[in-house]
Amino acid sequence: MKLIIAVVQDKDVPRLMDGLVRAGYSATKLASTGGFLREGNSTVLIGVDDDDTETVLEVVKKTCRAREQLVTPITPVGPAESYVPYPVGVVVGGATVFILPVDRFVKV
Ligand code: 2BA
């Protein structure tokens, strides 16, 4: 068994959860915050049989989009003269996915 941990943008969560439930997978959504943008995102936990890992990854790929987000640098990084005081774009998503082996899965 594997635990798939997917960090996704909030906007993609409804489609992702719908896709997972329709395909017959259980999932848990946790509210999370990205360390770089300090904005809300969602972390979705999905426990699956090993053989289903790729299928679930496909659902994640189909439902989570990459988007450009504007960030205003707060503090100068490097020499002050190279500080850019206007927003710059960063591409966020589709999804950051971790796949971990599960030792044991019990429901009591
Ligand atoms: P954030 O940390 O808020 O990062 C949002 C986006 O900002 C990232 O998108 C990336 O494009 C950019 N970014 C992050 N750190 C950066 C840095 N040090 N310098 C320049 N740009 C940077 P994604 O890569 O798609 O990540 C989306 C979210 O996934 C992240 O939100 C974070 O919550 C999570 N994440 C990404 N990589 C992770 C990792 N290695 N471990 C844990 N969580 C991760």
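These figures come from a predicted structure and were not determined experimentally. Both counts, for ligands and for their atoms, begin at 1 and track the order of listing.
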Exercise for review: May I have the step-by-step check of side chain to side chain contact (heavy atoms under 4.5 Å, CB included) for Val97 and Ile99, ending in yes or no?
Suggested key: CA-CA 7 Å; Val97 182; Ile99 301 171; 4.1 Å; yes
Exercise for review: Report yes if Phe98 has an N/O atom closer than 3.5 Å to an N/O atom of ligand 1; otherwise report no.
Suggested key: no
Review point. So, is Val7 polar-close to ligand 1, with some N/O to N/O distance under 3.5 Å?
Key: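 No, there is no polar N/O contact under 3.5 Å.
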Review point. Stepwise, does the side chain to side chain contact (heavy atoms under 4.5 Å, CB included) test hold for Phe98 with Leu3?
Key: CA-CA 8 Å; Phe98 303 86; Leu3 177 63; over 6 Å; no
What protein heavy atom sits nearest [atom], and how far off is it?
atom: atom 25 (O) of ligand 1; value: Gly93 N, 2.7 Å
atom: atom 31 (O) of ligand 1; value: Gly34 CA, 3.5 Å
atom: atom 13 (N) of ligand 1; value: Phe36 CD2, 3.4 Å
atom: atom 44 (C) of ligand 1; value: Thr96 CG2, 4.1 Å

Exercise for review: Would you kindly specify which portion of Val71 sits under 4.0 Å from ligand 1, judged on non-hydrogen atoms: side chain, backbone, both or neither?
Suggested key: neither
Check your understanding: If only atom types and distance count, is the side chain of Arg67 paired as donor or acceptor with the main-chain N or O of Val92 below 3.5 Å?
Key -> no
Review point. Salt-bridged, Lys29 to Asp10, with N to O below 4.0 Å?
Key: no
Check your understanding: salt bridge (charged side-chain N to carboxylate O under 4.0 Å, His left out) with Arg65: which residues, sequence neighbours excluded?
Key -> none
Check your understanding: Where the closest heavy atom to atom 8 (C) of ligand 1 is concerned, which of Val91, Leu37, Val90 has it?
Key -> Val91
Review point. Considering Asn41, Thr43, Val92, which one's heavy-atom position lies nearest to atom 30 (C) of ligand 1?
Key: Asn41
**Study point:** same_hphob_cluster(Val48, Val7) at 4.5 Å side-chain heavy-atom cutoff
**Key:** no
**Study point:** Criterion side chain to side chain contact (heavy atoms under 4.5 Å, CB included) on Asn41 and Val8, from CA distance to verdict
**Key:** CA-CA 6 Å; Asn41 54 26; Val8 303; over 6 Å; no
